[in-house]
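Data first, discussion second: the structure below is written as structure tokens.
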Amino acid sequence: MYLQKRYRILRSNPAIRSMVAETTLTPSDFILPIFIDEGENLVYEIPSMPGYYRRSLDETIKDVKECWNMGIKSVLIFIKAPDELKDNTGKESWNPNGLMQRSIKAIKDAIPEMIVMTDVALDPYSSYGHDGIVENGEIVNDPTVEALVKMSLSHAQAGADFVAPSDMMDGRIGAIRKAFEQNNFTKTGIMAYSAKYASCFYGPFRDALDSAPGFGDKKTYQMNYANRIEAVKEALMDEQEGADIVMVKPAMAYLDIIREVKNSVRIPVSAYHVSGEYALIKAAAKMGWINEEKAVLESLTSIKRSGADLIATYFAKDAVRLLS
Ligand code: PBG
């Protein structure tokens, strides 16, 4: 048989395969989401996220130190607010002594070089479990943006490196950017959840923080998963309004969107490999139907290949271990 070209030559052994690999994962690709609760010595395993924990702040600090020593450069903080602090204004979200603000300070004090990012949305603080303020059964945009600005300023004040608005209200990136300028927070960045879809894959996360919407769904603010052009529109708007990083979320079912956004903006793109995507792999592995380690590396490499410069993933520590 005569063949002019034999493509298998570049696949013939591990050495050549690694030499011509187009995509490689490194620890600095990852952002580790962390769940923080009140209390002490608390390490609570989330039932729908086996191997993943909600911790009190003291335990969180130990964990974040370990992450830094492993090579992880960034954490994305979520907190669980007690029910008695929830209301429809979300005012606990900008309490200077709130759990989020205390956590930011404590992590920056303990590991100053760690890039601390914070979730900005009202859902953990909302008595309705929605990302915004509710009036007559509707999630109202402009009053919510005002609340998100206060929340973002309080995170910047506490020392956050980046705020990460995940609420999908219109105009919040521009409003937050402007408030940072006016208040001299000129070093605080914004990672915008620009293309965040209304997805069933957030289920386990809502268990972790007890933040499921009390009525209806999030489809009037999060995007319809049938749409692609809309993601580009959202990302371009956030870039223009002053976002430093834009995000696509979820990741695995949205690889086309990640690529489309990557080709459209001139700032880094992150992708959020969400709780349900974590749970899928864990569940199949538990059943013995899939090899967990291989599934993790294949998934994360695919997300990066599709165009993500950064990946928020609950598998960050596992991936770093597997890579070393
Ligand atoms: C809250 C928020 C959610 C996630 C990140 N920020 C849930 C939601 O929008 O209902 C999901 C993260 C995950 O599933 O891992 N605004």
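First listed ligand is number 1; within each ligand, the first listed atom is number 1. This one's a predicted model, so the numbers in the text were calculated from it and none came from an experiment.
- Remark: minimum distance from atom 1 (C) of ligand 1 to any protein heavy atom is reached at D123 OD2, 2.8 Å.
- Within the 4.0 Å heavy-atom shell around ligand 1 one finds Q222.
- From the protein, the heavy atom lying nearest to atom 15 (O) of ligand 1 is Y314 OH, 2.6 Å.
- In this structure, K196 has a heavy atom closer than 4.0 Å to ligand 1.
- Salt-bridge annotation for D210 and R54: absent, with no side-chain N of the basic residue lying under 4.0 Å from a carboxylate O of the acidic one.
- At least one side-chain heavy atom of N41 sits under 4.5 Å from a side-chain heavy atom of D58.
- No more than 12 heavy atoms of other residues, nucleotides or ligands shown are found within 6.0 angstrom of CD on E298.
- The single protein non-hydrogen atom nearest to atom 16 (N) of ligand 1 is S166 OG, 2.9 Å, given as residue, atom name and distance.
- With respect to the salt-bridge test (charged N to carboxylate O, under 4.0 angstrom), the residues E113 and K108 do not qualify.
- Below 30°, between 30° and 60°, or above 60°: for Y314 and Y272 the angle between ring planes is between 30° and 60°, a tilted geometry.
- For ligand 1, the atoms closer than 4.0 angstrom to any heavy atom of K218 are 8 (C), 9 (O), 10 (O).
- Taking distance alone, with nitrogen or oxygen atoms compared against 3.5 Å, Y193 stays at or beyond that limit from ligand 1.
- In Y272, the part holding a heavy atom less than 4.0 Å from any atom of ligand 1 is the side chain.
- At the shortest separation from atom 3 (C) of ligand 1 among protein heavy atoms lies F205 CE2, 3.3 Å.
- When hydrophobic clusters are built by joining Ile, Leu, Val, Met, Phe, Trp and Tyr residues whose side-chain heavy atoms come closer than 4.5 Å, directly or via intermediates, F205 is not grouped with Y53.
- For atom 5 (C) of ligand 1, the closest heavy atom belonging to the protein is K249 NZ, 2.5 Å.
- Using modelled atom types and a 3.5 Å distance limit, the side chains of D87 and S127 yield no donor-acceptor pair.
- Every atom of ligand 1 is numbered from 1 in the order shown, and the set under 4.0 Å from a heavy atom of A121 is 16 (N).
- Near D131, meaning under 4.0 Å from one of its heavy atoms, ligand 1 places the atoms 16 (N).
- Considering only non-hydrogen protein atoms, atom 14 (O) of ligand 1 sits nearest to S275 OG, 2.7 Å.
- Applying the 4.0 Å criterion to heavy atoms of D119 picks out, from ligand 1, the atoms 6 (N).
- Environment of CD in Q240: sparse, with no more than 12 heavy atoms of neighbouring residues, nucleotides or ligands closer than 6.0 Å.
- When only modelled atom types and interatomic distance are considered, D119 and S166 share a side-chain donor-acceptor pair under 3.5 Å.
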